[in-house]
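I have placed the structure first, in the form of structure tokens, so that the comments after it can refer back to it.
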Amino acid sequence: MPSEKNGAQARPAASWRSIPAVACVGFLITATVTGLAIRFGPFHVINQWAVLIHTALGIVCLIPAVYYTAVHWREYRRQSLSDLVLLGYLSAAILALCLVSGGVVTWQALFSTKTSRIWRDLHLVTTLGLAGALSAHLVLSYLRA
């Protein structure tokens with residue numbers, strides 16, 4: 001049973017080790033690392049593989065990431081508004097934008113002659129925003145658990 005701290009429930013320690021939580025965070029870390037390597041690294045064989053890995057991960061993990069986020073929100077939605085809850089909502093909104101922009105860029109790469117700069121830039125900005133917001137959410141959640 002979660003304990004009360006500062007008007008909000010602390011996250012149960014067992015939730016940190018759940019397979020869906022670990023898989024979702026692992027997916028996001030791998031997608032972030034491969035995406036940043038693709039964007040800022042020289043385009044050679046390793047980055048060509050990174051494009052394939054990044055795209056495949058995005059396609060395969062799209063539904064599980066959305067599902068986990070929805071289940072997580074449903075589990076904690078009754079908590080009073082706090083910095084932790086607000087960071088969670090912000091992370092979920094940024095994740096949605098990141099997944100949509102990634103989907104558009106993937107669609108354009110598959111069915112067009114080039115990808116749109118604005119969608120690529122939106123995907124980069126949401127990636128960086130998600131890394132910051134979600135990291136803060138996870139650290140605060142861990143410290144309060």
Side-chain angles (χ1 to χ4, degrees), residues 2 5-6 8-79 81-145:
K5 280 190 177 180
N6 300 331
Q9 293 177 333
R11 185 179 173 126
S15 295
W16 286 97
R17 293 184 299 268
S18 74
I19 291 172
V22 171
C24 195
V25 170
F27 154 66
L28 292 173
I29 289 170
T30 305
T32 300
V33 169
T34 58
L36 292 175
I38 292 164
R39 183 67 183 248
F40 296 113
F43 199 72
H44 51 73
V45 174
I46 293 173
N47 268 353
Q48 291 176 21
W49 279 103
V51 169
L52 295 175
I53 292 166
H54 183 83
T55 304
L57 270 174
I59 291 168
V60 169
C61 295
L62 174 71
I63 292 173
V66 170
Y67 176 78
Y68 175 74
T69 302
V71 167
H72 185 69
W73 170 78
R74 194 172 38 219
E75 184 178 344
Y76 290 96
R77 71 178 182 250
R78 299 214 192 298
Q79 286 190 357
L81 190 61
S82 66
D83 53 350
L84 181 61
V85 172
L86 191 58
L87 282 167
Y89 287 143
L90 180 63
S91 297
I94 295 172
L95 176 62
L97 286 172
C98 193
L99 293 175
V100 167
S101 61
V104 170
V105 170
T106 300
W107 182 267
Q108 289 177 342
L110 290 171
F111 300 108
S112 181
T113 56
K114 66 178 188 171
T115 58
S116 167
R117 180 176 175 85
I118 193 152
W119 283 107
R120 289 191 321 264
D121 289 347
L122 178 62
H123 195 56
L124 174 64
V125 168
T126 56
T127 296
L128 297 174
L130 181 60
L134 187 59
S135 294
H137 176 73
L138 292 173
V139 167
L140 282 175
S141 182
Y142 179 78
L143 292 174
R144 293 178 186 177

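Quick note: numbers below take in every heavy atom, side chains included, and nothing from hydrogens, waters or symmetry partners.
In this structure, SG on C61 lies 10.0 Å from CG on L99, to the nearest 0.5 angstrom. To the nearest 0.5 Å, atoms CD1 (I38) and NE2 (H123) are separated by 8.5 Å. Note that CG of L90 and CG of L95 are 11.0 Å apart. Values are rounded to the nearest 0.5 Å. Here the CG atom belonging to D83 is positioned 5.5 Å from the CG atom belonging to L140, to the nearest 0.5 angstrom. For the atom pair L138 CG and L28 CG, the distance stands at 9.0 Å (nearest 0.5 Å). Rounded to the nearest 0.5 Å, atoms CG (L97) and CG (L130) are 10.0 Å apart.
In this structure, R120 contributes its side chain and R39 its backbone to no donor-acceptor pair below 3.5 Å.
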Below 3.5 Å, can you tabulate the donor-acceptor pairs from side chains in residues 102-112 to any protein atom, sequence neighbours excluded?
unit_1: T106; atom_1: OG1; unit_2: G102; atom_2: O; d: 2.8
unit_1: Q108; atom_1: OE1; unit_2: S116; atom_2: N; d: 2.8
unit_1: S112; atom_1: OG; unit_2: K114; atom_2: O; d: 3.3

Hey, can you pull the donor-acceptor pairs under 3.5 Å for the side chains in residues 45-58, sequence neighbours left out?
unit_1: N47; atom_1: ND2; unit_2: A37; atom_2: O; d: 2.9
unit_1: N47; atom_1: ND2; unit_2: P42; atom_2: O; d: 2.7
unit_1: H54; atom_1: ND1; unit_2: A31; atom_2: O; d: 3.0
unit_1: H54; atom_1: ND1; unit_2: T34; atom_2: OG1; d: 2.9
unit_1: H54; atom_1: ND1; unit_2: G35; atom_2: N; d: 3.4
unit_1: T55; atom_1: OG1; unit_2: V51; atom_2: O; d: 2.8

**OP:** Apply side-chain contact (heavy atoms from CB on, under 4.5 Å) to the pair S91 and I94, showing each step before the final yes or no.
**Re:** CA-CA 5 Å; S91 297; I94 295 172; 5.9 Å; no

**OP:** Carefully, step by step, assess L36 and L124 under the rule side-chain contact (heavy atoms from CB on, under 4.5 Å).
**Re:** CA-CA 8 Å; L36 292 175; L124 174 64; 3.9 Å; yes

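Residues forming a side-chain contact (heavy atoms from CB on, under 4.5 Å) with P20 (at least two apart in sequence, or on another chain): S18, Y68.
When all heavy atoms are compared, the tightest approach of A92 to T69 is CB-CG2, 3.9 Å. Between F27 and A65 the shortest heavy-atom distance is CE2-CB, 4.0 Å.
Heavy-atom contacts from other residues, nucleotides or ligands closer than 6.0 Å to OH of Y89 number more than 12. By the neighbour-count criterion of 12 heavy atoms within 6.0 Å, atom CZ of R117 is sparsely surrounded, having that number or fewer from other residues, nucleotides or ligands.
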